[in-house]
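Nothing fancy with the numbering, it's 1 onward along the sequence.
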Amino acid sequence: MKKGMLKMASLSLRGVYKRYAGGVTAVSDVNLEIEDKEFLILVGPSGCGKSTTLRMIAGLEEISEGEVYIGDTLVNEVAPKDRDIAMVFQNYALYPHMTVFENMAFALRLRKTPKDEIKRRVEEAARILDIEHLLDRKPKALSGGQRQRVALGRAIVREPKVFLMDEPLSNLDAKLRVQMRSEIGKLHRRLQTTFIYVTHDQTEAMTMGSRIVVMKDGFVQQVATPQELYDTPVNVFVAGFIGSPQMNFFDATLEKNGDEVSLRFGNNKIVLPEGKAKLLEGKESYFGKTVIVGIRPECIYDDEAHISTMPNSLVSMHVDNTEMMGAETYLYLLMDKTSFVAKVNRRSTAKLDETITVAIDPNKLHLFDKETEMTIIN
């Protein structure tokens, strides 16, 4: 793969839109700078525009407005086959009448690549993917995971500047998906090429990408590293989409009495620590107003040690259900009519249908504007 490694492939999307007949806008004003050798993931719910964005990069979808550059080349009018990219689809799209070798060699034969070069590239890709022993088989004799490797191999042999992957693991069972996630990560490190990967699975996004683009309704919500998305989401959507189980949300009134800043909801009150309250400087207009409060499941505790150290953030909740997950326990809780999930120690003594006291870590609270749903403080 030496030749492929020398190619530089940054990618740039500038003000890109996709509008369909009838006035439907699938993608709005996407601006992205993707660095050479980066592993970038587009994530979001179905219909958010992530696959359409990928297909515009590939040239399979016409760009309604804006510009796409691969390296320094504007590619809006460049045919897909001339963009020096390779795409891996969800359904593998293998030719059933051809062997694995023939499937992988097909694009190279169309390009009139010399036979010995085809053989070298196919065998090298097969070795990287551990499918050398399958080269003479037809696709119907392969498992789902093996077919996925062949589809990847077919992309690798082309030695493209950019790999585009559209939900490539969604047809695999859960165990194989986890294994292939790791394999694709290794493949990226080995090939040293730019990868752009689409998924609706936030766990896949968090574990694979160096940077993640979160999309909703055709708009980019946030572009950041996995850790930044988790710790500092820009709005309620990103906060709720990233993380499993998802962040808990509830409404509370933000109050200030003297030096004390607190959140009041029902009969409960959480006093914000000094460091957290300080972040509200310049945002005093929120005092006296209802805000959306977010807290991650792992920041709600039911053990005595945490309860004793967080006396200013104790809340009574009703235990609606419990799930033993092995290393931890999930508590499904109700406060008034608001549902919560707490990820607690597996030795939790919480019992079904009882009312328990939990401590909500006040340092880990996220506050959002009730109207705009944008972040006030993280």
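Under the 6.0 Å distance and 45° angle rule, Arg14 counts as a cation-pi partner of Tyr69.
The heavy-atom pair separating Pro45 from Met215 by the smallest distance is CD-O, 3.6 Å. Pairing each heavy atom of Asp302 with each of Ala350, the nearest pair is OD2-CB, 3.9 Å. The two atoms that bring Ile34 and Arg211 nearest to each other are CA-NH2, 4.1 Å, heavy atoms only. In terms of heavy atoms, Pro226 sits closest to Ile212 at CG-CD1, 3.8 Å. Annotation for Thr53 and Val27: closest pair OG1-CG2, 3.6 Å, computed over non-hydrogen atoms. Residue Asn103 comes nearest to Met98 through the heavy atom pair ND2-O, 3.3 Å, listed as atom of the first residue, atom of the second, then distance.
Using a distance-only test at 3.5 Å, with no hydrogens or angles considered, a donor-acceptor pair links the side chain of Lys256 to the main chain of Gly258. For Asp361 (side chain) and Arg296 (main-chain N/O), no donor-acceptor pair under 3.5 Å exists by modelled atom type. Side-chain atoms of Asn312 do not come within 3.5 Å of backbone N or O of Leu272 as any donor-acceptor pair. Under the 3.5 Å distance criterion, the side-chain polar atoms of Arg147 are matched with a main-chain donor or acceptor of Pro139. Side chain of Arg83 to backbone of Ile57: a donor-acceptor contact under 3.5 angstrom is found. At least one donor-acceptor pair under 3.5 Å links the side chain of Gln222 to the backbone N or O of Thr232. A donor-acceptor contact shorter than 3.5 Å is absent between the side chain of Ser10 and the backbone of Glu35. For Asn378 (side chain) and His366 (main-chain N/O), no donor-acceptor pair under 3.5 Å exists by modelled atom type. Remark: the backbone N or O of Ala26 is not paired with any side-chain donor or acceptor of Thr52 at under 3.5 angstrom. Judged by distance alone, the side chain of Asn345 and the main-chain N or O of Ser348 form no donor-acceptor pair under 3.5 Å.
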Practice problem: Under the salt bridge (charged side-chain N to carboxylate O under 4.0 Å, His left out) rule, what do Glu65 and Arg19 come out as? Steps first, then yes or no, please. | Solution: CA-CA 9 Å; Glu65 188 184 324; Arg19 299 185 188 93; 2.9 Å; yes
Quiz item: Can you check salt bridge (charged side-chain N to carboxylate O under 4.0 Å, His left out) on Glu124 and Arg121, steps first, answer last?
Solution: CA-CA 5 Å; Glu124 187 171 352; Arg121 288 202 205 175; over 6 Å; no
Practice problem: Please lay out, stage by stage, how Ser339 and Leu334 fare under the test side chain to side chain contact (heavy atoms under 4.5 Å, CB included). | Solution: CA-CA 5 Å; Ser339 300; Leu334 281 174; 3.5 Å; yes
Quiz item: Given the rule in the side chain to side chain contact (heavy atoms under 4.5 Å, CB included) test, do Gln148 and Leu169 qualify, once you have shown the distances and angles that lead to the verdict?
Solution: CA-CA 8 Å; Gln148 184 56 74; Leu169 308 184; 4.3 Å; yes
Quiz item: Could you go step by step and tell me if Val291 and Leu263 meet the side chain to side chain contact (heavy atoms under 4.5 Å, CB included) rule?
Solution: CA-CA 9 Å; Val291 295; Leu263 292 161; 4.0 Å; yes
Quiz prompt | Working for salt bridge (charged side-chain N to carboxylate O under 4.0 Å, His left out), residues Arg149 and Asp130 | solution = CA-CA 8 Å; Arg149 286 168 192 266; Asp130 195 21; 5.5 Å; no
Quiz item: Is there a side chain to side chain contact (heavy atoms under 4.5 Å, CB included) between Thr355 and Met317 once you walk through the steps?
Solution: CA-CA 6 Å; Thr355 297; Met317 295 197 189; over 6 Å; no
Quiz item: Given the rule in the salt bridge (charged side-chain N to carboxylate O under 4.0 Å, His left out) test, do Glu117 and Arg111 qualify, once you have shown the distances and angles that lead to the verdict?
Solution: CA-CA 12 Å; Glu117 175 70 1; Arg111 287 182 183 177; over 6 Å; no
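Each of Ile156, Ile131, Thr99, Ile118 was compared with Met104 under the side-chain contact (heavy atoms from CB on, under 4.5 Å) criterion, and only Ile131 meets it. Only one option out of Glu373, Gln221, Met247 pairs with Val238 in a side-chain contact (heavy atoms from CB on, under 4.5 Å); it is Gln221.
Here the side chains of Phe39 and Met208 are in contact, with some heavy-atom distance below 4.5 Å. Residues Val43 and Lys50 fail the side-chain proximity criterion, which asks for heavy atoms closer than 4.5 Å. When side chains are defined from C-beta on, Asp303 does not count as touching Arg347, because their heavy atoms never get closer than 4.5 Å.
A distance of 9.5 Å separates CD of Gln146 from CG of Leu176, quoted to the nearest 0.5 Å. For the atom pair OG1 of Thr199 and CZ of Arg181, the computed distance is 9.0 Å after rounding to the nearest 0.5 Å. Residue Phe163 holds its CZ atom at 13.5 Å from CE of Met87, rounded to the nearest 0.5 Å. Put simply, OH on Tyr301 and CD1 on Ile360 are 11.5 Å apart, with the number rounded to the nearest 0.5 Å. For the atom pair CG (Asp320) and CZ (Phe340), the distance works out to 13.0 Å, reported to the nearest 0.5 Å. To the nearest 0.5 Å, atom CD of residue Glu328 and atom NZ of residue Lys343 are 5.0 Å apart.
Heavy-atom neighbours of Glu354 CD from other residues, nucleotides or ligands within 6.0 Å: above the threshold of 12. Glu371 CD: 12 or fewer foreign heavy atoms inside a 6.0 Å radius.
A single hydrophobic cluster is not seen to contain both Ile295 and Phe241; linkage of ILVMFWY side chains at heavy-atom distances under 4.5 Å, directly or through other members, places them apart. In this structure, Val261 is not a member of the same hydrophobic cluster as Phe368, with clusters built from ILVMFWY side-chain heavy atoms closer than 4.5 Å. Hydrophobic cluster membership is shared by Leu32 and Leu60, with clusters built from Ile, Leu, Val, Met, Phe, Trp and Tyr side chains linked at under 4.5 angstrom. In the hydrophobic clustering of this structure, Ile356 groups with Phe265; members are Ile, Leu, Val, Met, Phe, Trp, Tyr whose side-chain heavy atoms approach within less than 4.5 Å, directly or through other members. When the side chains of ILVMFWY residues are joined at heavy-atom separations under 4.5 Å, either directly or via intervening members, Leu172 and Ile41 end up in a single hydrophobic cluster.
A donor-acceptor pair shorter than 3.5 Å can be found between the side chains of Tyr286 and Asp369. Using modelled atom types and a 3.5 Å distance limit, the side chains of Glu33 and Ser12 yield a donor-acceptor pair. When only modelled atom types and interatomic distance are considered, Thr290 and Asp251 share no side-chain donor-acceptor pair under 3.5 Å.
Note: His188 and Phe195 have perpendicular aromatic rings, judged against thresholds of 30 and 60 degrees for the angle between ring planes.
Every residue two or more places apart in sequence or in another chain was checked for a ring pair (Phe, Tyr, Trp, His ring centres under 6.0 Å) with Tyr330, and none qualifies.
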